[in-house]
Amino acid sequence: MDDLNNEYEYDSCQKQQIAEAMLHGHMSYGRGDAHDMPRSMQIIEPQTPLFPSGPQGQLHSQPLSPDNSILGCGNSVSSSRRIYPFPYSDPGTPGISKSSDLSKDFGYGSVAWKERVDNWKSKQEKLQETATEVVVPSNGTKVDSVDENGTDVADTMMDEARQPLSRKVGIASSLINPYRMVIVLRLAVLGFFFRYRILNPVPNAFGLWLTSIVCEIWFAFSWILDQFPKWFPINRETYLDRLSLRYERDGEPSQLAAVDVFVSTVDPMKEPPLVTANTVLSILAVDYPVDKVSCYVSDDGAAMLTFEALSETSEFARKWVPFCKNFNIEPRGPEVYFSQKIDYLKDKVQPNFVKERRAMKREYEEFKVRINSLVAKAHKVPDEGWIMKDGTPWPGNNTRDHPGMIQVFLGHSGGLDTEGNELPRLVYVSREKRPGFNHHKKAGAMNALVRVSAVLTNAPYFLNLDCDHYINNSKALREAMCFMMDPTVGRKVCYVQFPQRFDGIDLNDRYANRNTVFFDINMKGLDGIQGPVYVGTGCCFRRQALYGYEPPIQPKKKTMTCDCLPGWCCGTRQTKVKSQKSKKTEKNHDPSQTDLPVPTSNLEDIEEGMEGYEDNKSFTMSKKNFEKRFGQSPVFLASTLLEEGGVPLSVSPAGLLKEAIHVISCGYEDKTDWGLEIGWIYGSVTEDILTGFKMHARGWRSIYCMPERPAFKGTAPINLSDRLNQVLRWALGSVEIFLSRHCPLWYGYGARLKFLERFAYINTIVYPLTSIPLLVYCTLPAICLLTGKFIIPTISNIASLWFLGLFLSIIATGILEMRWSGVGIEEWWRNEQFWVIGGVSAHLFAVIQGFLKVLAGIDTNFTVTSKGSDDQDQFAELYLFKWTSLLIPPTTLLVINLVGVVAGISDAISSGYSSWGPLFGKLFFAFWVIVHLYPFLKGLMGRQNRTPTIVIVWSVLLASIFSLLWVRIDPFLIRVTGPNLKQCGINC
């Protein structure tokens, strides 16, 4: 039998020695002698936060000892063993033929291939039948089990463990090829359409004709940017059983990588603590080794309400976590679980389940009452500010001027559940805030969490969630690890993005809150190129990728993923092998002597510079470069070298806590690369797009993971005004990126960003600009109806074919897109409607605000979206009307198009039968606008057709204005083609 325990094991002592060398003698906080880090963690009583920094002094003057409160680190996973699958062995290995030589005899569809597939399936069935029959004696050694055919079950399991942890599943050719052909056909029709439009102007309406031509050209350009990144959509499958076989062997410690989970919150009044508590509880109960999970909650508002709510949450978690794991509860957020209207007894066989569930529901209701009492108390802030239990003022009373705070609520041996089992870590973090510093909002808070977690636990991967996004699938972390820890593809993956799914949305999804077209169509298309964009939550990152390092360079495959486009568009293709000289030149290339804005620092290059760290001079220079890049924290600098995670063993727990406070100080990032090349990138309120773009530009790829059960679920604003404000913030961030140096139109050329991936990023930053031609184009129908002119001349039968062909190709593209993606027609149509609604309102304001902010320096603060409602009616927010200036443009468009329709029909009635032909095109144009704005009209009407007063005032005002235009046009006046005898008499 193969010695799989030692196969492909690599030595990581050198990296550990480098990290220890960086730490030794450079600790600047009066640490004692270095000693080993204890593996246990005791719970800290949550009366007061630990180690606040700043002028208010420290809350704990005594040094932290292991007997008092200790922050421990998980076992370093740098020595984890990886088993590489047999099919990916070196082709040069003796006894193994190249795949090209075997393709004839063992290719897809051959007899040999079918026999191999049948043999594999039979082994899988036998494995399932006999795996449970393996006898495990009391001494922990396994007894070999052999089936009736003489097949060793252990060998079968080892063979299964060698297989890839995931695979790509392409869209069936019968679905994707017609889709591509229609796209090409639509391009051809567009060419003939624009040829006719440009060569046939309208003399009596030249201004309207020219305006429409400019708008249509922009729409075509925008469609190309959106369409072609969807050329290679793919699906993916994961194999959780193989992950367990490879990294979780019986009788051995789990070799799964550690994961830090980040939860960010700001204002507990807009982001209810109960919502945040449910998110934290779902994280603590996740199906993952408890010593590998740490939850960090960032309270950027320094609210005592959030702190006390987390204290209550940590106590309730001692009962909730064992309940979830004993009975395999899904989902593991208590609020959602107890509110489900399903048969909760399905698949439950334990006799005590009903009793335990009733008891747990009662416990949760009591927990909710305690949280609600904290919220009610928080509404009445004392004049002297909040006072903690020990009588000292709460350090966060001034939210804009307070020290940094860290509190550990749960840990290893100190955080046990009611059954005596360990619980994951739960850490409260509130970074330091001082006047005069730019704290960079959410991006700054996330970077603070990156540094704190690196000092305390330093997991090689971390997952970030919004406070309202709970874990809906307890195996979500395992789903991500199937990609991250896959030895064949994982090393080049910077992050795994999950789709966003939402609860509490009305059945018709009036304002396209689910955003299904984007998550189920666009993101699948990007996954076939270089990976999906980062959307801000539900994303598992590789820590080294966020540190600005490049991915490991691997030889390119010699097979093309497709024959449709060249490799620089979608995938790799066969290229000539570079000479050794060119490879050496590329490896030793100095990034300072190139115009590339992408940093080319690699972890291997840094390690090569650190090899001679016995030389004090060279080591000092390397350390200075490190400090200039990452900041002056020896513990954090050492952690960046540990590619597989873990904390250096020579630092005391007290030193770790002091260092954690130091790295969240507001001046730590000064004169470093944080926010520029490292971590979440600053410069836009949509820091997610910018951060993902920087990693893709360095050559990393991302993965889109869509498990059958949604990994995460959150809440979305179903109110019209809140939804528009949310879209406004997203669009404003895109405009900021468009006007920055990181604009995909000119950033990163010569790097490793694929052409179609750049297309997608360009589309994400220019789509708000479409609001200007869209607003103009939606105004043209009313102008045409009121003036009697039209943007298109009288067309012949042949010319009408181009209009008909364009219309049919648009419909065919949508139908085929829905066919291969599985998106319903109602979801697709809602997306089209809200594209117009958001385009003429939120996107337009975003363009104006973005240019004012960048060019004139007028900053605009976005409003945090509300995460919950206190109304008993689930959809009460849907009918609630909140006035905002964003409602003015679409309201105006509705009124003028309705007035135009009335004017056009009245004019046709008075003019006779001959005027109905030209009127048809104008009415179709106007109804296109009205139908797209219909959900907006329903939002204005509110519940039961009760229209708010402000809408009536605006409608009357706008109707009056257009009534004056009506009188000026006077469509009922009889048009005289000859002399008017009533005015000049017979002498005319």
Assess whether side-chain contact (heavy atoms from CB on, under 4.5 Å) is satisfied between Phe834 and Asn513, documenting all intermediate values.
-> CA-CA 9 Å; Phe834 196 79; Asn513 285 278; over 6 Å; no
Is it possible for you to check whether Arg701 lies under 6.0 Å from the centre of the six-membered ring of Tyr495, through NZ or CZ, and within 45° of that ring's axis?
-> no
Taking the side chain from Arg332 and the backbone from Ala285, do they hold a donor-acceptor pair closer than 3.5 Å?
-> yes
Taking the side chain from Arg542 and the backbone from Val493, do they hold a donor-acceptor pair closer than 3.5 Å?
-> yes
Taking Arg501 for its side chain and Ala711 for its backbone only, find out whether a donor-acceptor pair lies under 3.5 Å.
-> no
Assess the side chains of Ser453 and Arg543: does a donor N or O sit below 3.5 Å from an acceptor N or O?
-> yes
Using a 4.5 Å cut-off on heavy atoms from C-beta on, say whether the side chain of Asn421 contacts that of Leu416.
-> no
Atom pair CD (Gln530) and OH (Tyr761), whose distance is rounded to the nearest 0.5 Å | 8.0 Å
Should Lys713 and Asp503 count as an ion pair when the cut-off is N to O under 4.0 Å?
-> yes
Does a donor on one side chain and an acceptor on the other come within less than 3.5 Å for Asp260 and Asn458?
-> no
Aromatic rings Phe316 and Trp320: how do their planes relate, parallel, tilted or perpendicular, breaks at 30° and 60°?
-> parallel
Under 6.0 Å from the NZ atom of Lys319, do we count more than 12 heavy atoms belonging to anything else shown?
-> no
In Å, rounded to the nearest 0.5 Å, how long is the span from CD1 of Ile529 to CZ of Phe232?
-> 7.0 Å
Before accepting this row, confirm whether a basic side-chain N of the pair Asp287/Arg478 lies closer than 4.0 Å to the acidic partner's carboxylate O.
-> yes
Does the pair Lys368 and Glu335 meet the rule for a salt bridge (Lys or Arg N to Asp or Glu O under 4.0 Å), with working shown?
-> CA-CA 9 Å; Lys368 287 178 66 175; Glu335 182 68 26; 3.3 Å; yes
Can you name the closest pair of heavy atoms from Pro532 and Met523 and give their distance?
-> CB-CE, 3.5 Å
When you check the gap from the basic side-chain N to the acidic O, do Asp466 and Lys442 get nearer than 4.0 Å?
-> yes
Are Tyr470 and Phe712 close enough that their ring centres sit under 6.0 Å apart?
-> no
Do Val275 and Glu271 have side chains that get closer than 4.5 Å, going by heavy atoms?
-> no
Is there a donor-acceptor contact under 3.5 Å from the side chain of Ser282 to the main chain of Ile471?
-> yes
Applying side chain to side chain donor-acceptor pair (under 3.5 Å), run through Asp520 and Ser821 and close with a yes or a no.
-> CA-CA 6 Å; Asp520 290 8; Ser821 65; over 6 Å; no
For residues Ser702 and His696, is any side-chain donor paired with an opposing acceptor at under 3.5 Å?
-> yes
If you measure from the Lys or Arg side-chain nitrogens to the Asp or Glu carboxylate oxygens, is any gap between Asp299 and Arg431 under 4.0 Å?
-> no
Check: Gln833/Arg830 side-chain N/O donor and acceptor closer than 3.5 Å | yes
Any chance you could measure Ile329, atom CD1, to Cys324, atom SG, to the nearest 0.5 Å?
-> 6.0 Å
Out of curiosity, Ile171 CD1 to Asn235 CG, how far, rounded to the nearest 0.5 Å?
-> 4.0 Å
Side-chain contact, heavy-atom cut-off 4.5 Å: Asn447 with Arg451?
-> yes
Tyr337 and Arg357: side chain to side chain donor-acceptor pair (under 3.5 Å), yes or no, with the steps?
-> CA-CA 11 Å; Tyr337 172 70; Arg357 187 182 187 276; 3.2 Å; yes
Exercise: identify the closest heavy-atom pair between Asn473 and Pro707 = ND2-CB, 4.1 Å
So which heavy atom on Pro273 is nearest to which on Ile371, and how close?
-> CB-CG2, 4.2 Å
Distance in Å, Trp700 CH2 paired with Met695 CE, rounded so as to fall on 0.5 Å steps | 9.5 Å
Value rounded to 0.5 Å, distance of OG in Ser254 from CG in Asp291 | 7.0 Å
Determine the minimum heavy-atom distance between Asn278 and Pro334, stating which atoms define it.
-> OD1-CD, 3.1 Å
May I ask you to test the Phe262-Leu465 pair for a side-chain heavy-atom distance under 4.5 Å?
-> no
Yes or no on side chain to side chain donor-acceptor pair (under 3.5 Å) for Thr306 and Tyr428, after CA distance, side-chain angles and deciding distance?
-> CA-CA 9 Å; Thr306 304; Tyr428 169 88; over 6 Å; no
Sequence neighbours excluded, the answer for ring-ring contact (aromatic ring centres under 6.0 Å, His included) partners of Trp820 is Tyr179
Dump the intermediate steps for salt bridge (Lys or Arg N to Asp or Glu O under 4.0 Å) on Lys475 and Glu479, then the final yes or no.
-> CA-CA 6 Å; Lys475 300 185 183 297; Glu479 294 278 354; over 6 Å; no
Could Arg709 and Glu330 be called an ion pair, given the rule that one side-chain N must be under 4.0 Å from one carboxylate O?
-> yes
Residue of the set Glu308, Glu315, Glu312 for which salt bridge (Lys or Arg N to Asp or Glu O under 4.0 Å) holds with Arg370 | Glu312
Tell me, with the steps shown, if Val823 and Ile521 meet side-chain contact (heavy atoms from CB on, under 4.5 Å).
-> CA-CA 8 Å; Val823 175; Ile521 297 180; 3.8 Å; yes
Just wondering, do Asn515 and Gln500 contact through their side chains at under 4.5 Å, heavy atoms?
-> no
Start with the C-alpha distance between Asp527 and Lys230, add both sets of side-chain angles, then the distance that settles salt bridge (Lys or Arg N to Asp or Glu O under 4.0 Å), and finish with yes or no.
-> CA-CA 9 Å; Asp527 199 17; Lys230 296 183 285 188; over 6 Å; no
So, Ser684 side chain and Thr686 main chain: donor-acceptor pair closer than 3.5 Å or not?
-> yes
If only atom types and distance count, is the side chain of Ser298 paired as donor or acceptor with the main-chain N or O of Ser264 below 3.5 Å?
-> no
Can you label the angle between the Phe307 ring and the Phe409 ring as parallel, tilted or perpendicular, going by 30° and 60°?
-> tilted
Does the side chain of Ile283 come within less than 4.5 Å of Val263's, by heavy atoms?
-> yes
Candidate pair Cys705 and Arg236, rule side-chain contact (heavy atoms from CB on, under 4.5 Å), full reasoning = CA-CA 7 Å; Cys705 181; Arg236 293 186 184 270; over 6 Å; no
After noting the C-alpha distance and the side-chain angles of Asn831 and Thr516, does the key distance pass the side-chain contact (heavy atoms from CB on, under 4.5 Å) rule?
-> CA-CA 8 Å; Asn831 182 80; Thr516 313; over 6 Å; no
Indicate whether any N or O donor in one side chain lies under 3.5 Å from an N or O acceptor in the other, for Thr488 and Asp486.
-> yes
Please report the shortest heavy-atom distance between Phe367 and Ala277, naming the atom on each side.
-> CZ-CB, 4.0 Å
Determine the interplanar angle of the Phe541 and Tyr534 rings, folded into 0 to 90°, and report it as parallel if under 30°, tilted if 30 to 60°, perpendicular if over 60°.
-> perpendicular
With distance as the sole criterion, is a donor-acceptor pair present between the side chains of Tyr239 and Arg246 under 3.5 Å?
-> no
Check Pro268 against Val266 and note the closest heavy-atom contact, atom names and distance.
-> CD-O, 3.6 Å
